[in-house]
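To start, the structure under review is shown below, and the notes come after it.
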Amino acid sequence: MTTDNATGVPAGPGPTDFIRQAVIDDLKSGRFDHVHTRFPPEPNGYLHIGHAKALWIDYGVCLDFDGKFNLRFDDTNPVKEEQEYVDSIIFDCRWLGMDWEDRLFFGSDYFEQMYQWAEQLVLKGAAYVCDLTGDQVSEYRGTLTQPGKNSPWRDRGVEENLDLFRRMRAGEFADGSRTLRAKIDMASPNLNLRDPVMYRILHQAHHRQGDKWCIYPMYDWAHGLEDSIEGITHSLCSLEYENHRPLYDWFLDQLGIYHPRQIEFARLNMTFTVMSKRKLLELVKEKHVRGWDDPRMPTLSGLRRRGYTPEAIRDFCKRIGINKYDSTVDMGLLEHCLREDLNKRALRVMTVLRPLKLVIDNYPDGQVEQMEAVNNPEDASAGTRQVPFSKVLYIEQDDFMENPPRKFFRLSPGREVRLRYGYFVTCTDVVKDAAGNVVEVRCTYDPATRGGDSPDGRKPKATIHWVSAEHARDVEVRLYEPLFSVPSPDDVDEGKDWKDNINPNSLTVLSGCKAEPTLASAKAGDRFQFERLGYFCVDADSTGDKLVFNRAVGLRDTFAKEMKKG
RNA sequence: UGGGGAAUAGUGUAACGGCAGCACAACUGACUCUGGAUCAGUUAGUCUAGGUUCGAAUCCUAGUUCCCCAGCCA
């Protein structure tokens with residue numbers, strides 16, 4: 001971050017996006033003398049990676065300008081909102097590293113103040129009670145190209161409006177029978193300004209306010225007031241609210257109260273997933289996934305369970321930038337961020353996913369040697385560990401081919417490879433079952449290559465991982481592919497819908513995987529690199545005697561790419 | 001056919017009238033006890049047409065395309 005010496009205004013790190021530029025302008029012009037942002041989730045679903053982007057913008061701007069940041073629930077609709085969501089959102093925000101100090105707020109806590117302000121608008125003739133039904137309201141609203149017409153109740157007297165509004169609050173009227181509306185302009189080309197509803201009647205208990213209210217404020221009325229009450233300077237939100245900004249401003253101006261500035265940015269889209277809470281809810285409810293925290297979900301809880309780190313997600317948010325047009329970020333970028341983070345931090349361990357028995361004929365029966373293995377080649381301080389080696393091992397089925405193609409460097413009859421941190425072994429024979437499948441590989445080893453180096457400088461073309469059969473721990477491994485089989489699940493032909501694009505093979509469960517004994521002490525949430533395979537995270541389904549791993553992301557695999565090319 | 005926004009390599013972004021740069025992806029090669037990591041390199045872009053200017057991604061005009069708005073959702 002650089003500082004403009006003339007004004008003392010911090011200019012933000014690196015390139016300045018249009019939001020930070022606007023903040024700088026406001027600080028310079030004196031419109032605001034400090035920065036205070038907020039993240040205003042509605043507790044009607046779990047946070048996803050798109051929220052992480054918004055969170056990072058809100059919180060990041062606060063950080064860059066040495067300001068303050070509030071976490072505020074926009075809980076104005078009791079029909080959809082639940083405490084479960086409040087709890088998960090708070091947890092996710094903390095996990096991502098957000099700090100709101102003691103400023104955790106709920107829009108619903110301001111209901112009384114909002115009500116008083118509404119009476120004020122009624123008193124000055126800027127709001128009225130309307131008896132139109134829902135259908136009538138939309139009929140009177142007009143269309144995109146035709147102006148609306150005034151409600152017959154638009155010119156009620158102030159006294160009558162006040163009386164009716166108070167009786168709405170008192171619970172005298174049925175749901176949907178009346179609304180409080182702002183008196184603006186039924187002919188406005190901006191439909192949001194055609195006498196928008198401020199309050200609707202909803203005899204519904206609120207997750208936080210209980211039965212205290214039976215009228216609930218609409219978003220447009222409530223949001224600016226919440227921002228104003230909290231002294232927010234910059235109210236950052238997504239693009240679809242651009243059309244609402246005139247209304248945001250109108251309410252604040254009518255009331256003559258503190259007036260924050262709303263600035264809009266584009267929400268995040270990502271390939272191979274969907275990002276609407278409605279669709280994510282549908283995936284959960286219809287059991288296409290196991291829950292909001294299914295590792296295939298783009299929710300923060302899903303990503304966490306999958307093995308994502310908050311650092312990787314924050315890095316991703318920094319890299320994608322901020323803009324005002326629709327764009328779709330490549331899922332590969334998120335994966336890259338995780339690999340980059342975990343490469344530096346994850347302990348390496350050897351696990352065989354699809355075991356193939358390898359017997360070393362000339363290795364003494366019953367002998368066990370402890371081989372020293374490096375825990376993290378990227379971090380010397382991670383140290384080393386001992387891995388048991390013996391006559392019977394498991395190797396990866398993919399690491400052996402009886403009739404290898406040209407570019408296959410791994411084990412095949414007559415060929416020598418290095419067993420990582422072990423010995424060089426040469427395949428001498430194979431054992432097949434009745435169906436002709438290779439079920440066992442026979443080898444000889446070179447005792448002079450202990451630890452993986454040959455005194456004569458011989459260098460095998462491949463190094464493969466292994467686990468000692470006698471010492472192996474059986475584990476379950478869950479492999480994930482994208483939840484959708486196409487990059488843009490929402491692009492569908494007539495008659496099809498986004499759910500037709502669900503990838504039927506998004507989950508592969510492998511049981512009987514063989515892990516080195518080091519893993520015995522792993523706890524849920526621990527992340528490892530399984531050498532040559534990828535990064536894996538211990539799932540919460542693990543029990544004392546059975547470990548379950550999720551593959552967070554595979555290692556880059558240039559061999560697989562080569563094979564694909566043929 | 002109203003109003004509000006927006007267009008830069010395959011993708012995501014930077015350049016604020018002065019050499020179109022970065023990242024991801026892809027592709028080469030080097031190195032490697034992970035076909036990982038790392039390192040070096042290559043490919044590839046200003047929506048279109050005019051105009052202003054010594055000079056335009058940037059300013060102006062016209063057009064094209066895309067997104068948002070007709071909830072008593074947020």
Side-chain angles (χ1 to χ4, degrees), chain A residues 14-17 21 40-42 44 74-77 79-81 130 132-134 137-139 141-148 175-181 188-194 196-202 215-216 218-220 222-223 237-246 264 266 271 277-278 319-337 339-340 343-344 348 350 373-374 377-378 407-410 418-422 424 451-453 459-465 487 529-534 554-563:
Chain A
T16 306
D17 57 76
Q21 189 55 56
E42 183 190 13
N44 67 343
D74 205 356
D75 54 350
T76 56
N77 184 358
V79 179
K80 296 195 202 166
E81 297 156 7
C130 179
L132 255 25
T133 65
V137 168
S138 63
E139 187 189 322
R141 184 156 30 229
T143 68
L144 293 179
T145 50
Q146 289 172 306
D175 286 4
S177 61
R178 284 181 228 264
T179 55
L180 183 73
R181 295 227 259 163
S188 171
N190 181 344
L191 270 51
N192 296 125
L193 261 22
R194 319 244 261 226
V197 171
M198 295 164 62
Y199 278 94
R200 74 280 213 187
I201 300 173
L202 237 38
I215 56 171
Y216 289 92
M218 298 289 290
Y219 169 87
D220 285 309
H223 202 87
C237 61
S238 48
L239 240 36
E240 65 267 32
Y241 293 104
E242 210 154 18
N243 294 328
H244 296 246
R245 185 166 9 112
E264 310 84 11
T271 56
K277 278 197 266 188
R278 196 205 93 223
R319 290 178 189 239
I320 56 178
I322 309 175
N323 58 276
K324 283 188 69 113
Y325 52 89
D326 292 303
S327 61
T328 303
V329 176
D330 195 325
M331 173 73 83
L333 182 61
L334 217 209
E335 296 182 336
H336 167 82
C337 292
R339 283 195 195 98
E340 192 168 80
N343 176 49
K344 290 179 307 210
R348 272 60 169 175
M350 291 194 285
V374 174
E378 305 292 318
K407 287 174 179 156
F408 184 86
F409 306 145
R410 281 106 94 147
R418 171 167 38 227
L419 295 176
R420 177 144 238 226
Y421 304 124
F424 291 5
D453 283 304
K459 286 191 186 303
K461 286 196 82 173
T463 299
I464 66 175
H465 61 280
Q529 183 195 97
F530 288 179
E531 293 227 20
R532 304 209 303 132
L533 298 174
L555 252 26
R556 277 187 69 229
D557 191 347
T558 51
F559 169 68
K561 216 177 280 173
E562 192 68 39
M563 288 295 102

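Letters A, B, ... mirror the listed sequences (proteins, then strands); counts begin at 1.
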Inset, instruction - Give a yes/no answer on whether the side chain of A:Arg178 brings an N or O atom under 4.0 Å of OP1 or OP2 in B:C72. - result: no
Inset, instruction - Considering just the side-chain nitrogens and oxygens of A:Tyr241, establish if one lies under 4.0 Å of OP1 or OP2 belonging to B:G5. - result: no
Inset, instruction - Indicate, with a heavy-atom threshold strictly under 4.0 Å, whether A:Arg410 touches base, sugar-phosphate, or nothing. - result: base
Inset, instruction - Check whether any side-chain heavy atom of A:Arg418 lies under 4.5 Å from a side-chain heavy atom of A:Ile464, and answer yes or no. - result: no
Inset, instruction - Describe the nucleic acid contact of A:Gln529 in one word from base, sugar-phosphate, nothing, applying a heavy-atom distance below 4.0 Å. - result: base
Below 3.5 Å is the cut-off: list the nitrogen or oxygen pairs between protein and nucleotides 37-40 of chain B, distance only.
from  : atom 1 : to       : atom 2 : distance (Å)
B:A37 : OP2    : A:Arg556 : NH1    : 2.9
B:A37 : O2'    : A:Asn343 : ND2    : 3.1
B:A37 : O2'    : A:Glu378 : OE1    : 3.3
B:A37 : O2'    : A:Glu378 : OE2    : 3.1

Inset, instruction - Please report, rounded to the nearest Å, how far the P atom of B:G4 is from the CG atom of A:Asn190. - result: 9 Å
Legend entry - Is_stacked (A:Tyr325, B:G5) at 5.5 Å, 30 deg: no
Inset, instruction - Report yes if at least one side-chain N or O of A:Arg141 is closer than 4.0 Å to OP1 or OP2 of B:G71; otherwise report no. - result: yes
Inset, instruction - Compare side-chain N and O positions of A:Arg245 against OP1 and OP2 of B:C68 and report whether any pair is under 4.0 Å apart. - result: no
Inset, instruction - Name the closest nucleotide to the A:Asp74 side chain, picking from B:A74, B:U34, B:G5. - result: B:A74
Inset, instruction - For A:His244, answer base if it contacts any base atom (sugar-phosphate contacts may also be present), sugar-phosphate if it contacts only those atoms, and nothing otherwise; contact means non-hydrogen atoms under 4.0 Å. - result: base
Inset, instruction - Give A:Tyr216 one of three labels, base, sugar-phosphate or nothing, depending on what nucleic acid heavy atoms sit under 4.0 Å from its own. - result: nothing
Inset, instruction - Mind checking A:Leu555 for me? I need base, sugar-phosphate or nothing, with any heavy atom below 4.0 Å counting as a touch. - result: base
Inset, instruction - Check whether any side-chain nitrogen or oxygen of A:Arg200 sits under 4.0 Å from OP1 or OP2 of B:C73, and answer yes or no. - result: yes
Legend entry - Closest to side chain of A:Lys561, choosing from B:A74, B:U8, B:A26: B:A26
Inset, instruction - For A:Gln21 and for A:Gly452, locate the closest nucleotide of RNA chain B by heavy-atom distance; then report the residue assigned to the nucleotide nearer the 5' terminus. - result: A:Gln21
Legend entry - Distance in angstrom units between A:Lys277 NZ and B:A74 C1', rounded: 7 Å
Legend entry - A:Pro189 side chain, from C-beta outward: closest of B:G2, B:A6, B:G35: B:G2
Inset, instruction - Answer yes or no: is there a side-chain heavy-atom contact under 4.5 Å between A:Leu555 and A:Leu533? - result: no
Legend entry - Sugar-phosphate, base or nothing in reach of A:Phe530, heavy atoms under 4.0 Å: nothing
Inset, instruction - Respond yes when some side-chain nitrogen or oxygen of A:Thr76 is under 4.0 Å from OP1 or OP2 of B:C73, and no when none is. - result: no
Inset, instruction - Would you classify A:Asp220 as touching base, sugar-phosphate or nothing, given that sugar-phosphate means primed atoms plus P, OP1 and OP2, and contacts are heavy atoms under 4.0 Å? - result: nothing
Inset, instruction - Kindly say whether the aromatic ring centers of A:Phe559 and A:Phe409 come within a distance under 6.0 Å. - result: no
Legend entry - Pairwise C1' distance, B:A74 and B:C24 [rounded to whole Å]: 33 Å
Legend entry - Minimum-distance nucleotide (side-chain atoms of A:Leu191 versus B:C69, B:C73, B:A23): B:C69
Legend entry - Among B:G2, B:C72, B:G35, the one nearest A:Thr145 by side-chain distance: B:G2
Legend entry - Heavy-atom side-chain contact between A:Arg532 and A:Thr463 under 4.5 Å: no
Inset, instruction - Looking at every strand, decide which applies to A:Ile215 at a 4.0 Å heavy-atom threshold: base, sugar-phosphate, or nothing. - result: nothing
Inset, instruction - Could you tell me whether B:G41 is syn or anti, where syn means a glycosidic angle within 90 degrees of zero? - result: anti
Inset, instruction - Output the single nucleotide from B:G2, B:U11, B:G71 whose closest atom is nearest the side chain of A:Ser138. - result: B:G71
Legend entry - Options B:G35, B:C73, B:C69, nucleotide nearest the side-chain atoms of A:Phe408: B:G35
Inset, instruction - For RNA chain B, list all stems, counting runs of three or more consecutive pairs where every pair is Watson-Crick or G-U wobble with both distances under 3.5 Å. - result: B:2-7 with B:64-69, B:10-13 with B:21-24, B:26-30 with B:38-42, B:47-51 with B:59-63
Inset, instruction - Would you indicate what A:Arg319 reaches in the nucleic acid, counting non-hydrogen atoms under 4.0 angstrom: base, sugar-phosphate, or nothing? - result: sugar-phosphate
Inset, instruction - May I ask you to decide whether A:Lys324 forms a salt bridge with A:Glu242, counting only side-chain N to carboxylate O separations under 4.0 Å? - result: yes
Legend entry - Atom-to-atom span, CE of A:Met331 to P of B:A26 - whole angstrom: 15 Å
Legend entry - Short N-O contact, A:Arg556 and A:Glu335, less than 4.0 angstrom: no
Inset, instruction - Measure from the side chain of A:Ile320, starting at C-beta and using heavy atoms only, and say which of B:G12, B:G35, B:G5 lies closest. - result: B:G12
Inset, instruction - Report which part of the nucleic acid A:Lys344 touches: base, sugar-phosphate, or nothing (heavy-atom distance under 4.0 Å, all strands). - result: nothing
Inset, instruction - Kindly point out which of B:A25, B:A70, B:G3 is positioned nearest to the side chain of A:His336? - result: B:A25
Inset, instruction - For A:Thr328, report the nucleic acid contact type (base, sugar-phosphate, nothing); a contact means any heavy atom under 4.0 Å. - result: sugar-phosphate
Inset, instruction - Name the closest nucleotide to the A:Val137 side chain, picking from B:A74, B:U13, B:C72. - result: B:C72
Legend entry - Pairwise P distance, B:A40 and B:C31 [rounded to whole Å]: 15 Å
Inset, instruction - May I ask you to verify whether the side chain of A:Asn243 and the base of B:C68 hold a donor-acceptor pair under 3.5 Å? - result: yes
Inset, instruction - Side-chain contact test, heavy atoms from C-beta onward, threshold under 4.5 Å: evaluate it for A:Glu42 versus A:Lys277 and give yes or no. - result: yes
Inset, instruction - Look at all strands and tell whether A:Thr133 reaches a base, only sugar-phosphate, or nothing, counting heavy atoms closer than 4.0 Å. - result: base
Inset, instruction - Under 4.0 Å between any heavy atoms, over every strand shown, what does A:Thr143 touch: base, sugar-phosphate, or nothing? Just pick one. - result: base
Inset, instruction - Have a look at A:Tyr421 and say if it touches a base, only the backbone sugar-phosphate, or nothing, with a 4.0 Å heavy-atom cut-off. - result: base
Inset, instruction - Output the distance between atom CG (A:Asn77) and atom OH (A:Tyr216), rounded to the nearest 0.5 Å. - result: 9.0 Å
Legend entry - Salt bridge A:Lys344-A:Glu378, side-chain N to carboxylate O under 4.0 Å: no
Legend entry - Distance, P atom - from B:G45 to B:U61, rounded to whole angstrom: 29 Å
Legend entry - Toward the 5' end of RNA chain B, by each residue's nearest nucleotide, A:Tyr199 or A:Gly332: A:Gly332
Legend entry - Rounded C1' spacing from B:G21 to B:A57 in Å: 13 Å
